[in-house]
Each structure stands twice: as C-alpha cells, then as structure tokens.
Amino acid sequence: MEIDQRNTPPGGKKREELKQIIVVLIGLPGSGKSTFCEEVAKISNRPWVRVCQDAINNGKSGTKIMCLSVAAAALEYGKSVLIDRCNIDKEQRADFLKLGGSETEKHAVVLDLPNSLCISRSVKRSGHEGKLQGGRAAQVVNHMAPKKELPKLSEGFNRIMFCYNEKDVKEAIKLYGSLSLCDSLPFGCFGQKSVDSMVQVGIRSFFKKQDTSGNAKSVPEDSGNQGAEAGSHTAGDALEKKGKHDKVDVTISISGSTASCSIPTLAFPSISTADFQFDLEKASDIIVEQVEEYIGRIGEAKLVMVDLSHGSKILSLVKTKAAKKNIDSNKFSTFVGDITQLRSCGGLSCNVIANPTNWEIKPGGGGVNAAVFKAAGFVLEVATKERAEKLAAGECVVVPLPSSSPWFGAEGVTHVIHVLGPNMNPKRPNCLKDDYTKGCKILREAYSSLFEGFASIVKPYGNKDQNGKRAAAYVPENNKKTKDSSSSLSKSGVNNRNQDEQGSNTKTWNPWAQALHKIAMSPDSHKDIVLEVSDHVVVIKDSYPKAQQHLLVIARCHGLDSLADVSGEDIPLMKEMHDVGLKWAEKLILENNSLEFRLGYHSIPSMRQLHLHVISQDFDSTHLKNKKHWLSFNTPFFLDSVNVVKQLEEAGELRLGNESFFDGVLRCHRCLSVNPNMPKLKNHLRSCKDPLTFLIQNGYLISSEGKYSR
DNA sequence: GTTCTAGAAC
DNA sequence: GTTCTAGAAC
C-alpha cells in the first residue's frame, strides 16, 4: 500500500469540499491495473491511495480483508482509493462498495483487454509484486477468464468505464489523473461495447455543476461519451419532467398538432449546437435553408424542430428566419418540449424522431441521444446495430422502431433517424476547431441526410403529377428488415440519405454522391456552374471532365436517381434530355468541328440523379485516370441515349450493364488495340486517328460529318 | 465520384 | 528505383 501523505488528517480539512472516490479496478492479471494506478497517481493532484492485494502484506500478497481494512482507513483520511485487484465477479466487488459514506462515489474501471494480451504481458513480466509471471501466469489467466463478470450499475456503482484497448486505458488514466480534489465525473456506463445495463443517471447534475461551479475544472473528454452531443436536454431532465411539466409551448402554431399519426411528422432537435458548440447563427441559416429545400418534397408530411428549453435561442432564430422566408407554418414549426414525450406530454404526434447521436451510435453522453435511447429502450440499440455500427459526420441511419419498444406504443414513434453532426468542441472527438467552411458543409449534409431519410419513409410511390414529379404519399411504416446488397452500400452498412426499403431499385447514396441531386433540386443555388435550366433538366459541365468536352444533362424529376428507376412513362423526359444534349453537342461542334460526341448513361452511376453524359470522344483529359473511367465510357456499361429510348419504347424496360465490365481490357475505341495500362492507353489515344466505325454504324456518333438521328 | 497511398509490378 | 493499380477514406 502506498499512502499519500500530502493531505491533512481527519478534521484538518473540511470533508464537504472533497469528492472522495473509490475506484474498483476490474481486470485479469496483465490487463494493466497496477500501471493504471501508478500512472493516475503520478499525474494526479488528488491524494490517491492504491490498495494492492499483491503487495499489501509488507510487499507480499495479502488478503481481501486486509484490502478492505486499508481502504477504509484511507477513506477516513480523506483519500480517494484505487482498489488494485482483479475483482472479476460481483461477489468480489460487493464489500468494497459498502465502504465510505453516501457521499463517496463508487466507480468501476473495467480493463477488458484481450485475454491473449493479458497472458502475453503476464508471462513476460518480471518482478511482479504477486510473483505471478512466467508459465504459471498463463494458467491463472486462462483459469480466471471464464469467470469474468462485467459490473453493472445495479451493483452499486455510480459510474462504470469500460476499456477495451490501450487507447481506452490511456484516456481513462488521463481522465482520472486530471481530477482535482473537488472534481467529479458523470455517472453512468461509458464505453461499453455490448450492454444490458447501459443506463445513464445523474448526468444532469454534472452539467449543472459545470455551469454553476466557478472553480470547477473542466472534465476531460470522456471515452464513454464518444462525442455524443449533450444538448440542453439531458436524460435527467427527461426523467424529471415526467408527470410534472405536461404543459408545452407551441411557438408556431401547428395545424392539427394533436392530429393522429396519419400525417407523418419528423421531430428533430438542433444538430451540433449544444455540446458540439456549433455557432447558432450559422446553424439556424442552414436549418432554414434545408427545411426550405425539403419541405416541398415530403407531400403532406411535416417537420417540427424541438427544443426542451423555454427561450431557446436556436429555436427563436430558426422561427424568425423561417417566417422571413415565408416557410409554410403548416408544414414546418418549432416546439418547446421533451422530444421523448411529444405525444404524451405535448399532444404532438411525431412518428419519426431524429436523434443527434455519437459516431458509435451508442447511448451515453447525455443530451437528446441519452434520452432517446433510454425512452426507446434496449430494442432500439439492437435495431440500430442491425443497420449500422457507426456514422461519419454528416451521415444518418434510419432505424424502424420495433413495436416492442415502449416508445412505439406510448408515443407512436415508428422510426428513429440517428444523425451525426459536425463537432466544434475541442473536448469532443473529431473537433473541426474553427473550420466553419467544413463545419457548415457537414451540418448541411447532416440535415440534408436527415430529411432525405425522412423523405424515404414517406416515400413517393410512383405517382407523378403533371410536371412529371413524383408526388409524395405517406406509406404506413414498414418494419420489414431489408438489407441493401448494392455495391454502393458503404462498408459500415450505413444508409445515407435515401433509404429505400421497397422494390429492387434499392440503393444508398453516400454524401459525396449527392452533388448532382442537389443541383437538380436547387439550380438557383448553383448558378455559377449551371449552363442551362428548364422545368425538367439542368445542364452543367462535368466537374471532372473525362474529355475535352464533357457535359451532364441532369433530370430534375424527384425519384429518378438512375436508369434503374426509369420506366416507359419516362420516355418523354428521356427524349427531352436527349434533345438538350444533342443541342449542346452541336453547339460545341460549331465551336470546334474536330469534336465528335456520344450521348449516353452509365448503367450504374456513382452520382445520384439521372444524368445524361454528353462527352467528346477524344478522351483527352487529365481527369481520365483509371481503368474504371475508361471502361465506364467504352464498354456496354455505357448505354447510348438513342438505344435507351428505343429499348423503353419497344420493351418498356431497360437492360442495364453491370460492373463486370470493369474487369475488361483497355481497348482503344478507334483501332480496337489493347493497351497494357492507362498511361499507355492515353498515350495511344493522342495519336490514333482511326474512325469510330462502331459508333458511326450504329448511329451513336454526333460529328460535323453527319447528323445524329433519334 | 475524388484523393491518397501502400504495395505490386516492372 | 519508378510506375501503376487498387483499396480505403472521404
């Protein structure tokens, strides 16, 4: 035992000023418990006492009773205590939790490192206090490992922190080492991989302390927090409000606020403006801009922005800016209330709830995230895990809420959309510092992604109005689990933006793939790159042209992401796109009569929103870099516009190419010679002057030599 | 879709 | 040693 004598004995210091903590280390031999204690003691200003069973008996191994006795004495002396023994099951830990008074905080730090690592460390070490090293150590670890029982809050811990690797351990050391005499840490479970006890209590008092204590030291980043946005809405708040604050303010009138859930409604809090400290003015601009963009796309569905606090600045800013833009208050409103109890306490039926989560999409961190996971129950964690393991900033995942969730019955919630916003808080992971260029971009993506997710739930199902646009119609929630097997599915399985749970055209679109879609939906916001805009199409120059001239004719119709969405009824639109492309090709040929053009579509585009390529056949461009670039324009993966229209007219459907064409050889489109690699092909293309016989014969080429027929 | 880069190919 | 590809990350 090592007693720190820096502190005064009982009576010498007022006990009220201290926050005494018992930290029960839990871990196999070799998991790093002793190192943890030594490191914490080394960097800490707090008087820690390490109670180590391996050395408690005059440097030799002692008993549990001895540990309890020494720990009790240390607490009497106003110290905080680190219990350095394995404590692998509930029974071994129970007596330590009885020590100290009601003011003493009981923490567990679980060093759940891989058994193999513990064995390897134990075997290799020398001079171990308990003489557990060499071959015997491996035996002991193997014997002990199956008996390991992870701690739960219900055992009596205020806080449990799980560490699974050295990085986690380092963070925990930093956290505990930086606690001064009066500091405390948020209560609850932090960092647990799989849980059955992940409940966070008392975090409200932690945030209150942060606000009110003038000398409170900022608490270091919590590994269990994982960047979760705390917000003004805490789990504690949610608990306290229950049964107390039934009254809520509707800051903009909501038509039919007590309406049945037949009108789909998304309730969303402000993303990133709470714990992630995003600038409120900038955030409110983005919220209103995104609401304006999406409000016309969700049919009769509604958006409601929710904040727990009266006098919320962000709510007020959004409300004012939305009013200035004349956004229909029947479609978009703000609401003061508890997002977890909108129907029961606020009379507001919202079937979809947005949750500003952390990158691991896990409970914790306080704020809305903690409250949502708590209210929706463990089934939400399970349902979430089936859909996604993690999120990148700007992404979201739509999770149908199982009917077994208490939220489903009590609040009528059918879906939760987890969304991760940008973090500007240096105390949280992945801080953007003051880079608001990036921050605004990500926040815009986050809202766009969220609203796309909502739109996918109230998805349009094929109905088109007279403008050719698909009218949104609410389809009752569908809990059918569908797994997207499309090649574009991100590795994490995250559904970005457009989650379509119906039909064979299911495809998810990453944030980077949304650029054309955004241009098509709001060409006015992209005037610098738009060459032409009409009711049905937008023409732009490809940002990364693969030839001297490379334009895109983008359809403006909702619900037409790619050729996979096209059917016979789209023939007029396809013809219009072709005519516009032809017009531009002819215009460019007038400027340079050596150009030859081909018009066509990629069978499986990378970018969302149906677009026609108008590309000159020189393929002279620095942006033509890899095999896929070439093959996507020079194999049947590229479908000529005339042929697409013809197929639609004759068969009513399309035969699309697939990505197997990307395995092909690099054949010159003129002389048909095969080239070993891209640099050599590009070099060859500069000198090959053979005619494009195949294209001419099929009527696919537009050149000064002859007219193109449709 | 692009960029970056490790490692394969030359 | 340089060139090129392919996969990861965005």
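Atoms considered below: every heavy atom in the structure, side chains included; atoms not considered: hydrogens, waters and symmetry mates. Within every chain, numbering begins at 1; the chains are lettered A, B, ... in the order of the sequence lines, protein sequences first and strands thereafter. Predicted model, so just to flag it, every value in this text is computed and none were measured.
At a non-hydrogen distance threshold of 4.0 Å, A/N677 from residues 669-677 of chain A come into contact with DNA chain C.
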(message) Generate the contact string for nucleotides 2-10 of chain B. Rules: B means base contact, S means sugar-phosphate contact only, - means no protein heavy atom under 4.0 Å.
(response) SS-------
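A/E166 and A/K170 are not joined by a salt bridge, as no carboxylate oxygen comes within less than 4.0 angstrom of a charged side-chain nitrogen.
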For residues 673-680 of chain A, which side-chain donor-acceptor pairs fall under 3.5 Å, sequence neighbours excluded?
| from | atom 1 | to | atom 2 | distance (Å) |
| --- | --- | --- | --- | --- |
| A/S673 | OG | A/H684 | NE2 | 3.4 |
| A/N675 | ND2 | A/S673 | O | 3.4 |
| A/N677 | OD1 | A/K680 | N | 3.0 |

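Taking the centre and axis of the six-membered ring of A/F633, the NZ or CZ atom of A/K546 falls outside the cone set by 45° and 6.0 Å.
Residues satisfying the side-chain hydrogen bond (donor to acceptor under 3.5 Å, both in side chains) criterion with A/K583, sequence neighbours excluded, are A/E532. A search for salt bridge (Lys or Arg N to Asp or Glu O under 4.0 Å) contacts involving A/E293 returns nothing, not counting sequence neighbours. A search for ring pair (Phe, Tyr, Trp, His ring centres under 6.0 Å) contacts involving A/F619 returns A/W630, A/H669, not counting sequence neighbours.
In the model, A/H550 has no side-chain atom that pairs as donor or acceptor with a side-chain atom of A/S621 under 3.5 Å. There is a side-chain donor-acceptor pair under 3.5 Å between A/W509 and A/D561.
At whole-Å resolution of the value, NE2 in A/H517 and P in B/dG1 are 18 Å apart.
Using a 4.0 Å heavy-atom distance criterion, A/K441 is classed as making no nucleic acid contact.
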